[in-house]
Amino acid sequence: MTTTTADAGPAAPARPADPVATALGELAAGRAVVVLDDTGQEDAAHLVLAAEHATPPLVAFAVRHTSGLLRAAIDAGRADALRLPPMTRAGVRPGGAVPSVAVDAVRGVGTGISAADRARTIAALADPRTGPDDLARPGHVVPLRVDAGGVLGHRGPAEAAADLAALAGLHRAVAFGELVGLDDPTRLAGAAEARLFALEHELAVVSVDEVAEHRMRRDGLVERGAEARLPLPAGTFRAVGYRARDGREHLALVRGTPRGASPVHVHRECALGEVAAGLHCTCRAELDAALAAVAGRDDGVVVLLRAGGRAGSCGSPIGAREARELELVAEAILADLRG
């Protein structure tokens, strides 16, 4: 499937309100933010606070408006250094944050369950001076082990929250809990209720996908690979290989030096049309037309994108998230070629 883009002058300005930047500023200033879980796993929202800024009033606020179970997302390496193994090794779901043994701070706490006590424990988990002997086991705060890859390794609320803290220039440790319904606190709040809650309490709202997209843009989506001269029936192109962070390989077929006004054709692989020459598929014809159009110029690009883990076809639709990720990959490839 091929799409064609034309240069329409300067890119449109970014949205005035950047939800990620706003959330980073709020976390850095010691305020809580709302993280929406838009991964499709559940319609839930989480109240998140930076662990190093945990205070009794802030933790009390979190306990009052969430299920009450506050977990602390920390790096798996940090959990190992604190001797906090997984709570269980049986029945652990693959991927995502893993619960560790619950803890309390050793010093400055009473029973461990009060907001003041939990704030002390949460802050201790973020403090680099805290050692294994500074934590009592079991306790009332459950650390979650988050892999170093964060939301790019597994798209979940714990990973997104930990990444937000790190992006804000803080220790990669956060406390969070699921928001409960505004009218019915016996159930969890969905995204719509969470936005109303955030509006009422003047809290920043950001989604897991927005954090992931921010990190993809910031950390780089693709790595440039080998180049080769590639003669094709339409003409001779410079083939430039790219490897994405997820391991998928993409290809740019380039004529000349692409610039802002150069024609760009983005083509998602289609095994049915390109390999089997399916009679009911127009993808091969679209690709041939794109190659011919670019070959007739001194500049231009045809970007070939590989979608998913299997050979794709025009009859294999992809989700909105994957479509957006492929769009970002194409943008990254074009930016590299034009740079």
Cluster overlap L337 with V222, hydrophobic side-chain contacts below 4.5 Å: yes
Stepwise salt bridge (charged side-chain N to carboxylate O under 4.0 Å, His left out) check, E223 with R243: CA-CA 5 Å; E223 180 181 347; R243 179 181 291 274; over 6 Å; no
R187/E193 ion pair, N-O < 4.0 Å: yes
Flag side-chain contact, heavy atom, 4.5 Å: R31 against E202: no
Verdict with reasoning, R145 to D80, per salt bridge (charged side-chain N to carboxylate O under 4.0 Å, His left out): CA-CA 9 Å; R145 302 164 57 93; D80 289 338; 2.8 Å; yes
Charged N-O contact under 4.0 Å between D134 and R129: no
Close side-chain approach of L47 to V33, heavy-atom, < 4.5 Å: no
Heavy-atom donor-acceptor pair, R255 side chain to A295 backbone, under 3.5 Å: yes
V141 vs L70 side-chain heavy atoms within contact, under 4.5 Å: no
Heavy atoms from other residues, nucleotides or ligands near CZ of R215 exceed 12 (cutoff 6.0 Å): yes
Within-4.5 Å side-chain heavy-atom neighbours: L253 and V294: no
Side-chain donor or acceptor of H140 paired with backbone N/O of A102 under 3.5 Å: no
Minimum heavy-atom distance between I74 and P143, given as atom pair plus value: CD1-CB, 4.2 Å
Donor-acceptor pair, side chain of D163 and main chain of V151, under 3.5 angstrom: yes
Single-linkage hydrophobic cluster V208~L152, side-chain heavy atoms < 4.5 angstrom: yes
Main-chain N/O of S207 paired with E210 side-chain donor or acceptor, under 3.5 Å: yes
Cluster overlap L36 with L49, hydrophobic side-chain contacts below 4.5 Å: no
Side-chain donor-acceptor pair present, D184, T186, cut-off under 3.5 Å: yes
Joint hydrophobic cluster, V59 plus V34, side-chain heavy atoms closer than 4.5 Å: no
Pair listing, ring-ring contact (aromatic ring centres under 6.0 Å, His included) test, anchored in residues 211-238, at least two apart: none
Salt bridge flag under 4.0 Å for residues R172 and E52: no
Check: L167 and L24 side chains under 4.5 Å, non-hydrogen atoms: yes
Backbone N/O of D117 and side chain of T121: donor-acceptor pair under 3.5 Å: yes
Electrostatic pair R259:D299 at N-O distance under 4.0 angstrom: no
SB check D133 R83 (cutoff 4.0 Å): yes
Pair D104 + R118: basic N to acidic O under 4.0 Å: no
From CA spacing to verdict: side-chain contact (heavy atoms from CB on, under 4.5 Å), L125, L82: CA-CA 9 Å; L125 287 169; L82 293 174; 4.0 Å; yes
Pairwise distance CZ(R306) to CD(E269) - rounded to 0.5 angstrom: 5.0 Å
Single-linkage hydrophobic cluster V174~V205, side-chain heavy atoms < 4.5 angstrom: no
Salt-bridge criterion met for R217 and E331 (N-O under 4.0 Å): yes
Side chains of H267 and L305 in contact at under 4.5 Å (non-hydrogen atoms): no
Point-to-point distance, once rounded to the nearest 0.5 Å, from CG of L188 to CG of L179: 9.0 Å
Qualifying residue, where the test is side-chain contact (heavy atoms from CB on, under 4.5 Å) with V206 and the options are V211, T22, V48: V211
Whether R71 side chain and A175 backbone form a donor-acceptor pair below 3.5 Å: no
Aromatic contact, Y242 with H250 (centres under 6.0 Å): no
Side-chain touch P258/L334, heavy atoms, less than 4.5 angstrom: no
E227 with R238: basic N within carboxylate O range, under 4.0 Å: yes
Residue pair E325 / D209, side-chain heavy-atom distance below 4.5 Å: no
Residues D147, E159; criterion side-chain contact (heavy atoms from CB on, under 4.5 Å); working and verdict: CA-CA 8 Å; D147 287 340; E159 290 82 4; over 6 Å; no
Neighbour count >12 (heavy atoms, 6.0 Å) for atom CG, D298: no
Exam field: side chain S100 to backbone P86, donor-acceptor pair closer than 3.5 Å: no
